[in-house]
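Report on the structure given below.
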2 protein chains.
Amino acid sequence: MTNEEIDVETRIVEKAQAIFARYGFRKTTMDEIARATHKGKSTLYHYFPSKEALFTAVIEREVKELKAEIHQALAVENSAPEKLKTYILTRMHAFKRLANLYQAFADEYLENYRFIEKIRTSYDEYERKIISKILQEGVQAGLFAISDLDLIAHVIVVASKGLEYQWALDKDTTKTEQNIDTLLQIFFYGLFTRT
Amino acid sequence: MTNEEIDVETRIVEKAQAIFARYGFRKTTMDEIARATHKGKSTLYHYFPSKEALFTAVIEREVKELKAEIHQALAVENSAPEKLKTYILTRMHAFKRLANLYQAFADEYLENYRFIEKIRTSYDEYERKIISKILQEGVQAGLFAISDLDLIAHVIVVASKGLEYQWALDKDTTKTEQNIDTLLQIFFYGLFTRT
DNA sequence: AATGGACCAAATTCGTTTTTTAGTCGGGAA
DNA sequence: TTCCCGACTAAAAAACGAATTTGGTCCATT
């Protein structure tokens, strides 16, 4: 595998990323990706066995970017509460940029393109683990009092996704961030008075 | 308006309720509703100016049922935490039965049939008020420590809907109820240790 | 006043034709 | 030998026009 070869494959994925993001999986043709890459269509098939495989490569690339971004953001934080907040916000902002990933993880896509189920399941797992780990750190620091880490991680993920979904409809993100702040306050302190 | 008239209108709504639930708004024809009611189509138009108006009557009927059920369930509870839990569970169970309402409040429907937006907005308002009232009761009983009731009510609604969405996909409701219990524990006690 | 059958424009469906697309393959260029 | 492309094709999707259905109207009947 020569350097030239790495460049062609990467260039295909990059061009495909932009076009898939614009038109979605179904409306994007291999011909236009080939044209954008200034290669023949057969060249695409030399590197990727199918359209689905190319789209999967694009999604995997975005997942990798997302994970790198999350790790970078979390490395800066020291306490479990800050990490939890940072995770939720980083994920939310990244999804806004990584258009293919956001689309791919929507249930509508999962219904029509089952081949991305594996990536999604894998990411869900990763996400559960990240939250569990943050919670575990909070427990060990004596900050959190929690019994079933995994279950609570799951519930936190799902609940924050409710707000995230509203963000997807909203054009104004500050309101959604405010809502996430409020949700986190409830998560940390609860509704019951503290004596 | 005679008794006979009340019966025909109600019978139309009841039959329509069943058929709309089965086939959805678009696939249901006024002809089949008329047939099910043993009346001519013109009779439907005597009572309802349009197909949309009939569907709206069906939805309003289901909203009325839901509200009655919620009020009944809440009347039995004394404490704010129990009421909050009861609200969430009652709503969830009722939506499973009130198939038209569940469909109508799905975003997919709202996209295609804007005429139900008003009902939905009205219900959202009602829901916000119910939760705020429950929270207010908790504050007055000295149980809850809360500043912005409305905002927190909103966040609670949205977060619990995240779990509810999973319930719609799940066939097993006990798991979702368990998740709601966990969410409520977090809502009540928070993650931070209590000293 | 309540009801239904006839009617109709618009919307939807359906079968057919045309076009496009994902993918293949043989051959040429580097 | 590897990289790359143009020609090709079966299948899928889109376009098209005809046929059918649908929401709604209206007049006559009970």
Side-chain angles (χ1 to χ4, degrees), chain A residues 1-59 100 103-104 108-109 111-116, chain B residues 1-59 100 103-104 108-109 111-116:
Chain A
M1 196 185 284
T2 66
N3 269 343
E4 174 70 10
E5 190 167 276
I6 293 175
D7 281 344
V8 173
E9 186 171 347
T10 302
R11 192 145 86 251
I12 292 171
V13 173
E14 283 173 356
K15 292 293 181 182
Q17 189 174 5
I19 302 175
F20 278 131
R22 174 106 189 256
Y23 299 111
F25 178 77
R26 184 167 155 271
K27 279 289 191 180
T28 296
T29 67
M30 295 300 267
D31 260 330
E32 59 190 326
I33 295 174
R35 256 180 272 121
T37 319
H38 303 296
K39 301 287 178 185
K41 191 164 60 168
S42 294
T43 309
L44 301 192
Y45 285 97
H46 176 77
Y47 292 97
F48 302 95
S50 65
K51 186 181 178 183
E52 294 186 355
L54 178 55
F55 187 65
T56 299
V58 167
I59 299 297
N100 288 296
Q103 285 183 70
E108 190 187 329
Y109 250 54
E111 268 180 46
N112 296 317
Y113 313 119
R114 297 219 76 94
F115 65 89
I116 55 176
Chain B
M1 198 185 283
T2 66
N3 271 341
E4 174 70 10
E5 192 167 275
I6 293 174
D7 281 344
V8 172
E9 186 171 347
T10 302
R11 193 145 88 250
I12 292 171
V13 172
E14 284 172 355
K15 293 294 183 181
Q17 189 173 6
I19 301 175
F20 279 131
R22 173 106 190 258
Y23 298 112
F25 177 77
R26 184 170 156 269
K27 279 289 190 180
T28 296
T29 67
M30 294 300 267
D31 258 332
E32 57 190 325
I33 295 174
R35 255 180 274 122
T37 319
H38 303 298
K39 300 288 177 183
K41 193 166 56 168
S42 292
T43 310
L44 301 193
Y45 286 97
H46 174 78
Y47 291 96
F48 301 94
S50 65
K51 186 183 178 182
E52 294 186 357
L54 177 54
F55 187 66
T56 300
V58 167
I59 299 297
N100 288 297
Q103 286 183 69
E108 191 187 330
Y109 250 54
E111 268 179 49
N112 296 318
Y113 312 121
R114 298 219 75 96
F115 65 89
I116 54 177

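Proteins get letters first, then strands, A, B, ... in listed order; numbering begins at 1 in each. These figures come from a predicted structure and were not determined experimentally.
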Run the side-chain donor-acceptor check on residues 27-34 of chain A: report pairs under 3.5 Å with partners two or more places apart or on a different chain.
| unit_1 | atom_1 | unit_2 | atom_2 | d |
| --- | --- | --- | --- | --- |
| A:T28 | OG1 | A:I19 | O | 3.4 |
| A:T28 | OG1 | A:G24 | O | 2.7 |
| A:T29 | OG1 | A:E32 | N | 3.1 |
| A:T29 | OG1 | A:E32 | OE2 | 3.4 |
| A:E32 | OE2 | A:T29 | N | 2.9 |

When you look at A:N100 and A:F55, which way does the side-chain contact (heavy atoms from CB on, under 4.5 Å) test go after all the steps? CA-CA 9 Å; A:N100 288 296; A:F55 187 65; 3.9 Å; yes
Let me know the distance between CZ of B:F48 and C1' of D:dG23, rounded to the nearest Å. 16 Å
Using the ring-ring contact (aromatic ring centres under 6.0 Å, His included) criterion, which residues pair with B:Y113? Sequence neighbours excluded. B:F25, B:Y109
Provide, to the nearest angstrom, the distance between the CZ atom belonging to B:F55 and the P atom belonging to D:dG23. 14 Å
Could you write nucleotides 20-30 of chain C as a row of B, S and -, 5' to 3', where a protein heavy atom under 4.0 Å of any base atom gives B, of only sugar-phosphate atoms gives S, and otherwise -? -SBBBB-----
Pairing residues for B:Q17 by the side chain to side chain donor-acceptor pair (under 3.5 Å) criterion, not counting sequence neighbours: B:R61, B:E62
Just how far, in rounded Å, is P of D:dT22 from CD of B:E32? 8 Å
Nearest 0.5 Å please: distance from the CZ atom of A:F20 over to the NZ atom of A:K15. 14.5 Å
Rounded distance (Å) that lies between atom C1' of C:dT3 and atom CD of B:E9: 15 Å
Do B:R35 and B:K41 pass the side-chain contact (heavy atoms from CB on, under 4.5 Å) test, and can you show the C-alpha distance, the side-chain angles, and the key distance before you say yes or no? CA-CA 8 Å; B:R35 255 180 274 122; B:K41 193 166 56 168; over 6 Å; no
Rounded to the nearest angstrom, tell me the gap between atom NZ in B:K39 and atom P in D:dT30. 16 Å
